[in-house]
Amino acid sequence: MLSLDPYKIDLPVVAIFDEVKAVLKEENTLIVNAPAGAGKSTLLPLVLMNEDWLQGKKIIMLEPRRLAAKTIALRMAQLLNEKVGESVGYRIRFDNCVSDKTKIEVVTEGILTRMLQSDNAIENVGLVIFDEFHERSLFADVALALARESQQVLRPDLRLMVMSATLNLPVLSSLLKSRVVQSEGRQYPVEIKYDGDTDLMMLPELSARLVKKIIQNEDGDVLVFLPGEGEIKKCETILKRTLKGVLVYPLYGQLPPSKQMAAIMPNREGKRKVVLATSIAETSLTIEGIKVVVDCGLSRTMRFNPSTALSKLETVEITKDAADQRAGRAGRLSPGVCYRMWTKATHSRLREHRTPEIIEADLASLVLDLAVWGISNPNNLIWLTPPPKGAIAQATDLLHQLEALEDGRITSHGKAINQLPCHPRIAHMLIMAQEEGLTELATDIAAILEERDPLGKEAGIDINLRIEALRKSRKGLIGNKILSRIEKVAGQYRKMLNVEIDNSNVDPYETGLLLVYAYPERIAHAKPGNNAQFKMANGAITAAGHKDDLAHEAWLAVAHVNMRDSVGKIFTASALNPRDLAPMVKEKDQVEWDTKRGGFSAVRNLCVGHIILQSKPLQYYDEALKIKAISSAVSKEGENLLNWDKEVIQWQNRVLSLRKWNTDEDWPDVSTSALLESNEEWLSPYFNSVKKPEDLKKINLKEVLQHHLSFEKQQLLEELAPEKIEVPTGSKIKIQYHANGEVPVLPVRLQEIFGWQDTPTVNKGKVSLLMHLLSPGFKPVQITGDLRSFWSNAYFEVKKELKARYPKHKWPDDPLNEKPNRK
DNA sequence: CTCTCCCT
């Protein structure tokens, strides 16, 4: 029983108790929109725990963070006058506290996915609550999609309640086809001041300057949002040097807990406080007594690139809802002010809602989770934001490589991978290590790979140094926060795989072998001339520092790498024994055309992915492959490779003109682009004897093209669009056709056509030629499309001019009865 | 100059 009447608690959410109860009695889905501080997370589950429709089943509430899950469960238990683990419990990684009596379980996201996996129908659950859904974490999105599927297919009575502070409500409510219950928050007004745009390079200086101004002109403590540790440290140095009598605290995730507490704890008497924080202060940590927020408008996020299968950290503009949430931190206890380091104009073009993690995350685990559920095509689920196709394809590919999937279906190996609480690559390594007898080592590597680097980058790239550090820390010789977290994770793997601690010396080759299981595409081979550069099996070039211990190894097994530049940077790797690569070496015949390297070649390569170990000329190869290779080169660079001369172009233009004029006659598209694209069809029979680029030049293109037309069409072409036309002197003069079917041009000297009454034509008299009339010296004198009118009008003007310039020629008054001449 | 946050 509750220790007090929940309706008498002084929190805004009390006002919606009855409405929430009423909706959930009738409907199975509900959205609750309540800002921070409304009291929804603690009170709503308690008010609902005895509803009839639950039929004695449990309430599961999903929290994005372990600490939040634990403290919320604790508060609820206090309100019930109980201990945690009785009516209210929690389940998080490394720690759970539930019993048979538990009716409300607060769990973190990974746990819910696990629950849905072991029992698709979650039979003993009556209500799932998604708290802080606006954070749009990957797991929350997946869990909602799966819970929804379960509700529709197996459990129509299962209730879902989505709770969120700022959210794209219309989209969510139309997707879930559910009602929205709105709660007030407890928030004081925050005045927004736009302080003009900044640039990233000057951020520490500019934000420090702004803070100094605020300290002089405003009351209360100040919270500054900066993108990362680097900016925070620089800003801290400036402020400590220039601001006297003010306490400055940094606050970010990597800080030891005692220093985090110092920043969060209420102010020491008499002194004002400035906290410089990352986005950690947006949601995870609350600082008491803040009256002024300074927001730089940037944050760092991890983005996964499916084409390289790598994640990298990027600095991005925050969205409007995140900016509002940051500003809200100034109005928890009294009215406040928020300075935004951007302009109103910049603000208007910011995106409304934060990017859901599913858009830019590595989806390997997601695809595997769905496969375990029996869903091979993620599009079959209803998503608030569908996962991107490229990332799904990359994940599916990888899972096939790891043999977790076969033809899109989960394998028994895939199920085993899914049982382990880590990325599928690492789970695959852990399982394969059992066969190699290297499980102990693998548990250490797995834990190191998923946590931050416990040594600085000054330690070099050798991952074996990290393993040794972990082993020393277990012997109590050294220690730090990261190492103890790594050991916690390693311990969980040891327990699951049933092995003991191994603190012996490490054999780097064993490490290398294991890393290859996790990252097969990152096997790296020293480039010739070894300047610490390596080519990886996926084709990318990477480098180690010149002085690194591993810089002169022939082979590396690379774990983490950054590919921001064209030559990537290796962060962690191990030496690799080439003998361990034997099973991965594949014989690949390469039949290709490379114009720069002299044309055609056929070789047999021994390779590991893109790394070529050995290359020998190939005596016998499939002729069809050769044709394909040349043809594909021709389609790309054919205009330069072939002898594409004026003759060919004239022939193309003749056919193309007829294609334009006589649409009923079915003339083929012989434009250059069409011909190059279809070259395999019409040109490839001539490739047999081709070896070098010169051989391609020797092909008589016009002849080949001519023959590609049917005999009838060849004849028709000569008849309708002849290459040349005979003029009265008997000269055969070339007609200039155009590709677009424009009127063809006949350039001819005037004296050669005396006696020609009418304009000459082609295409059975349907197309008159445009005459370019020339002087005896082939200079243009007149253009006409109507010869008859020329003779009776313009001719007399032209005659005068020509007579002056060419007095020895005959320029008759009656040109139609004059004999033409070629003189 | 890699280092935001978080989860099984």
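Residue numbering restarts at 1 for every chain, and letters A, B, ... go by the order of the sequence lines. Computed from a prediction, not measured in an experiment: that's the story for all the values here.
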(request) Examine B:dT2: is either OP1 or OP2 under 4.0 Å from a nitrogen or oxygen in the side chain of A:Lys569? Give yes or no. (result) yes

Just to verify, what does [X] make a side-chain hydrogen bond (donor to acceptor under 3.5 Å, both in side chains) with, not counting sequence neighbours?
X: A:Asp549; answer: none
X: A:Asn418; answer: A:Asp369
X: A:Asn538; answer: none
X: A:Lys320; answer: A:Glu352

(request) Would you please name every residue forming a ring pair (Phe, Tyr, Trp, His ring centres under 6.0 Å) with A:His413, sequence neighbours left out? (result) A:His428

(message) Counting primed atoms plus P, OP1 and OP2 as sugar-phosphate and everything else as base, spell out the protein contacts along nucleotides 3-8 of chain B at 4.0 Å heavy-atom distance: B, S or - for each nucleotide, 5' to 3'.
(response) BBSSBB

(request) Calculate the interatomic distance between A:Glu458 atom CD and B:dT2 atom P; express it in whole Å. (result) 10 Å

